[in-house]
Amino acid sequence: MDFFSDSMAWMARSDGGVTIGRGPFVRCEDPPEDNVAFYVGDFALSAREPWRIPASVERISPGELLAVAGNTIAPRIDWKSVDAVPFSKVFQEIMAAIHEGVFEKTVPVVTEFGIADEPPGPGLVAAMLRRKPPLHSYGWCEGNRGFAGATPELLFSLKGGRLDTMALAGTARSEDRDVFAVDDKEIREHEYVAQTLVAKLLDLGTVERQPRSILDLGSIVHFLTHISVELAHPASAMELLKRLHPTPALGPLPRTHETLALLLDWRSRLGCPPGFGAPFGLWDRGAFTGIVAIRGIWWDGCELALPAGCGIIEASRLVSEWRELRLKRDAVKQFLSPNGEIF
């Protein structure tokens, strides 16, 4: 794959094309006003210099993507079975904390591990670049390590005085769409996210919330609510990142130092990559688009990690959440097969 290099970052644009940055990258604390930079951080927002300024930038059209990513095939991967016991223990701890009033909702992550039969970078990058809107292809690689994904979740976009974001929560198989549409538990989970987002944005300007809809991604469906803000005053990308991340779709509700610390501990115990669910973004001369880094694969050499999270509220049940986690991981595995098969 000619366009693949061992130091690159990319993110899909709204027109279906992609912006690619190539290294070496310069790390910095803030994005440059009149240049391009990628935001590459972790879930805890612990990086001191999360912005990466590329040595060169390419903007590839949707048509050109077929030429550069159409024929490269993902490597064969030996996926290991996932042990349910650690998740079961975390689930019980979360339910106890909910009953004690510590949480209304939180999002643990289970990770499936695998071994590729060859260096996976080029194949994984190509597989994710082939995804089309409403999925946002994204990724970063440096040497023999990296991550690549195709997320349905926009954290926010900022252009001029307008901010756009979304609430994306509640998941089911596509064939269960009709039942999903009236499922009280899934609607309640989604409303936690949507109402909390609106509350976080009210002091920024005029907020408009669209009606709840269903986003159909083929094998799975989600509840989706679009939210926009006409900003009363300028706001920086970093200010908004810290305000909005993590949304209740990936983080705890309420979001406090205590509840975040508990979630980070559960993520660590369950083997979650630090970058899963983190913001990933593209700054392009004053405009910013940030996504939530889910539906992706992290690799180090030929070792791979495929994480997925599930929102737990008081009405959650262990078997249902375990089934949802597998559903989300299988959706990512389908990205890797030209025929849409899970392997």
Minimum side-chain heavy-atom gap [X]-[Y] below 4.5 Å:
{"X": "Thr19", "Y": "Arg13", "value": "yes"}
{"X": "Val82", "Y": "Arg326", "value": "no"}
{"X": "Leu240", "Y": "Leu204", "value": "yes"}
{"X": "Leu124", "Y": "Leu336", "value": "yes"}
{"X": "Val18", "Y": "Leu129", "value": "yes"}
{"X": "Pro152", "Y": "Pro134", "value": "no"}
{"X": "Leu325", "Y": "Trp322", "value": "yes"}
{"X": "Leu201", "Y": "Leu244", "value": "yes"}

Which atom of [X] lies closest to which atom of [Y], heavy atoms considered:
{"X": "Val40", "Y": "Phe280", "result": "CG2-CE1, 3.8 Å"}
{"X": "Gly16", "Y": "Pro62", "result": "C-CG, 3.6 Å"}
{"X": "Gly170", "Y": "Glu189", "result": "N-OE2, 4.0 Å"}
{"X": "Ala169", "Y": "Val193", "result": "CB-CG2, 3.7 Å"}
{"X": "Phe4", "Y": "Cys141", "result": "CE1-SG, 4.0 Å"}
{"X": "Thr111", "Y": "Gly271", "result": "OG1-O, 3.3 Å"}

Inspect the contact between [Y] and [X] and indicate whether a charged nitrogen and a carboxylate oxygen are less than 4.0 angstrom apart.
{"X": "Glu142", "Y": "Arg52", "result": "no"}
{"X": "Glu191", "Y": "Arg209", "result": "yes"}
{"X": "Arg59", "Y": "Asp284", "result": "yes"}
{"X": "Arg295", "Y": "Glu153", "result": "no"}
{"X": "Lys89", "Y": "Glu93", "result": "no"}
{"X": "Lys80", "Y": "Glu112", "result": "no"}

Would you call the rings of [X] and [Y] parallel, tilted or perpendicular, taking 30° and 60° as the class edges?
{"X": "Trp266", "Y": "Phe103", "answer": "tilted"}
{"X": "Trp298", "Y": "Phe147", "answer": "parallel"}
{"X": "Trp51", "Y": "Phe288", "answer": "perpendicular"}

As a test of understanding, state which of Trp10, Trp299, Phe25 forms a ring pair (Phe, Tyr, Trp, His ring centres under 6.0 Å) with Trp140.
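Running ring pair (Phe, Tyr, Trp, His ring centres under 6.0 Å) over Trp10, Trp299, Phe25 with Trp140 returns exactly one hit, Phe25.
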Please check if the side chain of [X] supplies one atom and the backbone of [Y] the other of a donor-acceptor pair under 3.5 Å.
{"X": "Ser88", "Y": "Ala84", "result": "no"}
{"X": "Ser137", "Y": "Arg131", "result": "no"}
{"X": "Glu303", "Y": "Asp300", "result": "no"}
{"X": "Tyr138", "Y": "Ile294", "result": "yes"}

Find the distance between [atom1] ([X]) and [atom2] ([Y]) and round it off to the nearest 0.5 Å.
{"X": "Leu155", "Y": "Leu241", "atom1": "CG", "atom2": "CG", "answer": "6.0 Å"}
{"X": "Ser320", "Y": "Leu327", "atom1": "OG", "atom2": "CG", "answer": "12.0 Å"}
{"X": "Ile227", "Y": "Asp164", "atom1": "CD1", "atom2": "CG", "answer": "10.5 Å"}
{"X": "Phe223", "Y": "Arg188", "atom1": "CZ", "atom2": "CZ", "answer": "12.5 Å"}
{"X": "Thr259", "Y": "His257", "atom1": "OG1", "atom2": "NE2", "answer": "9.5 Å"}
{"X": "Leu45", "Y": "Met238", "atom1": "CG", "atom2": "CE", "answer": "7.0 Å"}

Tell me yes or no: between the side chains of His222 and Thr171, is some donor less than 3.5 Å from an acceptor?
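Yes, a side-chain donor-acceptor pair sits under 3.5 Å.
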Can Val332 be reached from Ile115 by stepping across I, L, V, M, F, W or Y side chains whose heavy atoms are under 4.5 Å apart?
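No.
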Is there a path of hydrophobic side-chain contacts, each under 4.5 Å between heavy atoms of I/L/V/M/F/W/Y residues, joining Ile60 to Met128?
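Met128 and Ile60: one cluster.
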Looking at Gln334, Arg173, Lys328, which hits side chain to side chain donor-acceptor pair (under 3.5 Å) with Ser219?
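That would be Gln334; it is the only one of Gln334, Arg173, Lys328 passing the side chain to side chain donor-acceptor pair (under 3.5 Å) with Ser219.
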What do you reckon, is CZ of Arg145 surrounded by more than 12 foreign heavy atoms closer than 6.0 Å?
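Atom CZ in Arg145 is not packed in, count stays at 12 or less.
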When you measure from the centre of the six-membered ring of Phe43, is the NZ or CZ of Arg267 closer than 6.0 Å and no more than 45° off the axis?
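Geometry flag: set, cation within 6.0 Å and 45°.
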